[in-house]
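Just so it is clear: chains get the letters A, B, ... in the order the sequence lines come, proteins before strands, and each one is counted from 1. Any value given below was found using the heavy atoms of this structure, including those in side chains, with hydrogens, waters and symmetry copies removed.
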Amino acid sequence: MQERYDPAAVEAEAQQYWDRERCFEAKEDSTRAKYYCLSMFPYPSGRLHMGHVRNYTIGDVLSRFMRMNGRNVLQPMGWDAFGLPAENAAMANKVPPAKWTFDNIAHMKAQLKSLGFALDWSRELTTCTPEYYRWNQWLFLRMLEMGVAYQKTGMVNWDPVDKTVLANEQVIDGRGWRTGAPVEKREIPMYYLKITAYAEDLLDALKDMPGWPERVRAMQANWIGKSVGVRLGFPYDIGGPGVLHAFTTRADTLMGVTFCAVAAEHPLAAHAARGQPKLAAFIEECKRGPAIESELATQEKKGMPTGLTVRHPISGEAIPLWVGNYVLMSYGEGAVMGVPAHDERDFEFAKKYHLPIKSVIDVGGREYSTEEWRPWYAEHGRCINSGPYDGLEFQAAVDAIASDLSRSRLGEKQTTWRLRDWGISRQRYWGCPIPMIHCQACGAVPVPDEQLPVILPTNLVPDGSGNPLLKDAAFLAVACPQCGADARRETDTMDTFVDSSWYFLRFACPDNDKAVLDSRVQYWAPVDQYIGGIEHAILHLLYSRFWTRVMRELGAVAFKEPFANLFTQGMVLNEVFFRKPDAGRVEYFNPSEVEIRLDETAQRRIAVLRSDGEEVESGGVVTMSKSKNNGVDPQALVDEFGADTARLFTMFAAPPEQTLEWSDEGVQGAYRFIKRLWKAVHDHVSQGTPAALDTAALNDAQRGIRRQAHHTLAKITDDIGRRRTFNTAIAAAMEMLNALAKFPQSSPQDRSVMQEALEIAVLGLSPIIPHATHAMWRALGHETALIDEPWTPVDAAALQTSSIAMVVQVNGKLRGHISVAVGADEGTVRAAALADLHVQKFIGTSAVRKVIIVPGKLVNIVV
RNA sequence: GCCCGGAUGGCGGAACUGGUAGACGCGCCGGACUCAAAAUCCGGUGGUGGUGACACCGUGUGGGUUCGAUUCCCUCUCCGGGCACCA
């Protein structure tokens, strides 16, 4: 064994061994319990970032730990390889997105390998290859048959310069994020997936998912947004009889309606606007809406009367109909009943336009004034001023009103969802082609299965003038599968979230070119442990849950929930440094270019740019990002300290669910620890092979070390296996090494105890620092590879002691320490505690009122 | 506004089921080694008072429950995240 720890050599050797022995190739084995551990696959952006390192190290630690604990582990990796950045890079570099993407994959794969992750590369999949995306297309066609996929013309954000639909997140201050052009609302035909049909089940199932963080379940429930209420009908006669439908969760306030309001996009608004230029102008203004999403909720409520009236469904009274800018066409049916007395928004609206306010709920004796809004006006209570409903409580009133209205067909109970159907069409090139053909005669015709896959041409270079597929004659031209006439291919591609909605199932059988899934899925799926960033809490994880349900209906899988356990790791943060010139943009400097010093008085921290020696400002510790230029390149870290140090630092600096603050000194500390462990092993083995351990012949010090070693093993096992607090597992190992450093090596049994303790340290740390421990395990005299070693059981006998230390409190304050024999009875413990000199001093002349004994821990004397 | 988290030394964090607050690491201080520096090793390190033994104070704020509260309950403040004219 080399005296000096040389991470580059050690890591190359270990990685070569794992490669040569094909250690990470998972084989189905029905006689063994499987463990499918999956980290969210990356977008191949070019280089790994620290977030990837953290994510994949967590998965790797769990995979290696479960493997050593006897599970048949599958830990695959793939590439979420379609998407916008490839098109942007293509435009900038004039290279097809395919080349850029595959170059990035090659580089990032090498990086992942250099970090020593136990990944089964034989199952690697890439979503932009026809071998993968053909099954997207196949599944889409099945969904079309099931009625889960359908076409609809809907309102979208349209960038008039790039000529494409933008996602909501890509619209910044009302302008396209890339072009800066004002975004237009456009009606465009798109394909949708009927996720709303699964809303109830997606919501209900959340209650029974103990392996998911409460936070994520809450976010999904929030997003699905179930509201139970009544769909009301307000009859009218406006160019013919009709009914205005409005949804409410407060049907009990129906008798307090003093107006109705519809959204600007509502048909009745359009109808009223004819011949009313002022109203038409107002409607146009509303449609444009505020530029910024967050302003929506705070913008002033505005409205305009239509001059029309509808009739109250119970009293038949005429109710004025308004157009209101606070009514959303996308929720319910784009209309609300206005009850100013019991709804804050309606109140504000009524005050502004001097509409009557009629209180119909007893607010429980609290003050009611139409002058000012009070939060309790919206609380549930007993009906008043409501004719036949007076005196009824909330639910009774809702039931009675719904029942009365059901006779006149002007009301029925209804559940409304915030969740919308998932529009998957993108006017983008670099995505999975939607397998449809447009024929003049036959309309939209699905591509027949035998013609799949519809191959995306890989040689096109987008130029910013819209989807290049629109100009690709070879792609466009196709014969109609129904009538054979010349037809045109659909040029829209699928949202990339489609690709990631089921890739975890395909890892079971990525080589199958005959079927989307096969029997191997029954063995591996569902995923036992899924690991990824909280930013995917809603979209990716909700779509995947939906998609899995659809695949279950198709008979492809037998379960509804794809991820039994979910772990969301925290972000990686770093300090941000910048200069703000008097004019121009803020300039950010990477922390690697900045040096931290103390000023002359050693009071103040000063950040100085190395290149010019001048001061820069610190913007605090924030998420690592390109825009703030505060990222740390994992490659530089691996090159300088090795993969094990990178892994150890990211696992040690914070609990994995919390944010992790980058610290160069912390990295040094991790490196120092591995070096110390290496040296301890080296010093030990260089003295030759120790004698066999004779546990019966140990002295107190030796037994003490043995106890600590096994206690540490128990803690590491629990911390990794149950608590997932890798930081405390590492801390325990550090504590043990500190104790070993003070442990004298004079007798043969000292060396035997040391051998056992070092083996425990090496084995226990191997999931976290697999390379160094691989080498140290061999150095400790083992022929076998550590990766295949079973996890050592804790020796219960080693944990036993003859006496036990207890603390003594007087009135709850720590006053003394006593040592009592194991199994001592309460009387003995009590006597020992009372006899302690220090304790006696605090008892003094006071009478002892009570003595509380917590066995094995403490004695509290109450005086 | 609603829903989830969180607040502990100079810093990252530990204390798992109500039972020794500050494990472990970083930083800092002192020492050893060295011509010197780095690296390494040893010791110290919550605050206040005291030469010292030791005492008192101390987990965002104020209260409560308890023999005992970082932990449970209530109040407030601040920070982070999600949703948001959702009718």
Side-chain angles (χ1 to χ4, degrees), chain A residues 213-223 225-227 229 232 246-250 253 261 293-301 324-328 330-339 343-346 348-349 375 378 416-418 534-535 537-538 571 573 598 602 605 621 649 652-655 657-670 672-673 675-676 679 715 718-719 722-723 725 727-735 737-738 741-742 805-817 838 841 849-854 856-863:
Chain A
E214 166 64 32
R215 186 159 63 127
V216 176
R217 287 184 285 151
M219 281 163 75
Q220 290 211 349
N222 211 334
W223 183 266
K226 181 181 185 177
S227 297
L232 296 166
F247 174 77
T248 180
T249 55
R250 290 301 302 274
T253 64
E293 282 279 316
S294 61
E295 277 183 8
L296 257 174
T298 49
Q299 78 169 338
E300 195 188 353
K301 290 183 183 33
N325 68 343
Y326 72 102
V327 185
L328 305 175
S330 56
Y331 188 80
E333 295 183 54
V336 296
M337 65 173 198
V339 185
D343 181 282
E344 188 172 3
R345 294 153 302 172
D346 296 346
E348 196 189 319
F349 193 80
T416 316
W417 306 88
R418 208 194 74 94
I534 187 72
E535 65 274 19
I538 296 171
M571 304 266 194
L573 317 182
L598 291 177
R605 238 169 53 111
V621 178
F649 170 72
F652 178 64
E657 259 174 314
Q658 287 179 30
T659 55
L660 181 148
E661 277 186 37
W662 186 259
S663 154
D664 286 329
E665 293 78 16
V667 173
Q668 292 282 351
R672 194 173 300 144
F673 171 69
K675 282 194 292 185
R676 288 219 303 147
K679 186 169 181 302
K715 172 127 182 87
D718 189 49
D719 283 353
R722 179 183 63 93
R723 296 213 303 152
T725 51
N727 54 326
T728 53
I730 295 164
M734 287 173 165
E735 258 182 283
L737 185 62
N738 290 343
K742 291 183 181 121
M806 293 179 74
V807 296
V808 185
Q809 298 180 334
V810 177
N811 285 346
K813 288 198 175 191
L814 177 66
R815 295 306 181 189
H817 299 263
H838 205 72
K841 195 175 111 191
R849 294 217 330 255
K850 201 172 173 186
V851 177
I852 291 144
I853 297 175
V854 182
K857 278 206 169 144
L858 105 177
V859 181
N860 188 14
I861 298 162
V862 187
V863 298

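Between A/S227 and B/rA87 there is a side-chain N or O to OP1 or OP2 distance below 4.0 Å. For B/rG13, the OP1/OP2 oxygens have a side-chain nitrogen or oxygen of A/Q658 closer than 4.0 Å. Between A/N738 and B/rA23 there is no side-chain polar atom (N or O) within less than 4.0 angstrom of OP1 or OP2. Side-chain nitrogen and oxygen atoms of A/K850 include none within less than 4.0 Å of the OP1 or OP2 phosphate oxygen of B/rU66. The phosphate of B/rC2 has neither OP1 nor OP2 within less than 4.0 Å of any side-chain N or O from A/R418. One finds no side-chain N or O of A/N222 lying less than 4.0 angstrom from the OP1 or OP2 phosphate oxygen of B/rA84.
With rounding to whole Å, A/L660 atom CG is found 14 Å from B/rC11 atom C1'. In this structure, A/I730 places its CD1 atom 15 Å from C1' of B/rC26, rounding to the nearest Å. Taking atom CG of A/L814 as the reference point, atom P of B/rC67 lies 20 Å away to the nearest angstrom. Atom pair A/E665:CD and B/rG27:P shows a separation of 6 Å (rounding to whole Å applied). Whole-Å rounding puts the A/D664 CG to B/rG25 C1' distance at 15 Å. Rounding to whole angstrom units, CD of residue A/E661 and C1' of B/rG27 are separated by 14 Å.
Listed nucleotides B/rC4, B/rG25, B/rC56 differ in distance to A/M734; the shortest reach to its side chain belongs to B/rG25. Side chain of A/I538, nearest nucleotide from B/rG27, B/rG82, B/rA15: B/rG82. Out of B/rA14, B/rC85, B/rG5, the shortest distance to the side chain of A/E214 is found at B/rG5. Between B/rG19, B/rG27, B/rC16, one nucleotide has an atom nearer to the side chain of A/K715 than all others, and that is B/rC16. Distance from the side chain of A/F652 is smallest for B/rG25 among the nucleotides B/rC56, B/rG25, B/rA87. If you check B/rG13, B/rA87, B/rC57 against the side chain of A/P655, the one that comes closest is B/rG13.
Within the 4.5 Å cutoff, the side chain of A/K301 has heavy atoms near those of the A/N325 side chain. Between A/H817 and A/V807 the shortest side-chain heavy-atom distance falls below 4.5 Å. With a 4.5 Å cut-off on side-chain heavy atoms, A/F652 and A/M734 count as touching. In this structure the side chain of A/W662 reaches within 4.5 angstrom of the side chain of A/F649, judged on heavy atoms. Contact check for A/E348 versus A/E344: no side-chain heavy atoms found under the 4.5 Å cut-off. Between A/L737 and A/R676, some side-chain heavy-atom pair lies under the 4.5 Å cut-off. Using a 4.5 Å heavy-atom threshold, the side chains of A/M571 and A/E535 count as touching. Under the 4.5 Å side-chain criterion, counting only non-hydrogen atoms from C-beta, A/E333 is not in contact with A/L232.
In this structure, A/R345 reaches the bases: a heavy-atom distance under 4.0 Å links it to at least one base atom across the strands shown. No contact: A/R217 has no heavy atom under 4.0 Å from any strand. As judged by a 4.0 angstrom heavy-atom cut-off over every strand, A/Q809 is placed among the base-contacting residues. Residue-level contact check: A/G225 touches neither bases nor backbone, having no heavy atom under 4.0 Å from any strand. A/V327 comes within 4.0 angstrom of a base, heavy atoms only.
In this structure, a donor-acceptor pair under 3.5 Å is absent between the side chains of A/N811 and A/R849.
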In dot-bracket notation, what is the pairing pattern of RNA chain B, taking Watson-Crick (N1-N3 plus N6-O4 or O6-N4) and G-U wobble (N1-O2 and O6-N3) contacts under 3.5 Å, with [ ] crossing and | for other strands? (((((((..(((......[....)))((((((.......))))))((((....))))..(.(((..]....))).))))))))....
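Although no hydrogens or angles enter the test, the distance criterion places no donor-acceptor pair under 3.5 Å between the side chain of A/R815 and the main chain of A/V808.
With the nearest nucleotide of RNA chain B identified for both A/V807 and A/D346, A/V807 has the one nearer the 5' end. In terms of position on RNA chain B, the residue among A/V216 and A/W417 whose nearest nucleotide sits closer to the 5' end is A/V216.
Because its glycosidic torsion is within 90° of 0, B/rG9 is reported here as syn.
Checked by distance alone, A/K301 brings a side-chain donor or acceptor within 3.5 Å of a matching partner on the base of B/rC85. For A/R722 and B/rC16, a side-chain-to-base donor-acceptor distance below 3.5 Å is present, hydrogens and geometry of angles not being considered.
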Sort me out a list of protein N/O and nucleotides 39-42 of chain B N/O pairs below 3.5 Å, or just none if empty.
unit_1 : atom_1 : unit_2 : atom_2 : d
B/rU40 : OP1    : A/R672 : NE     : 3.4

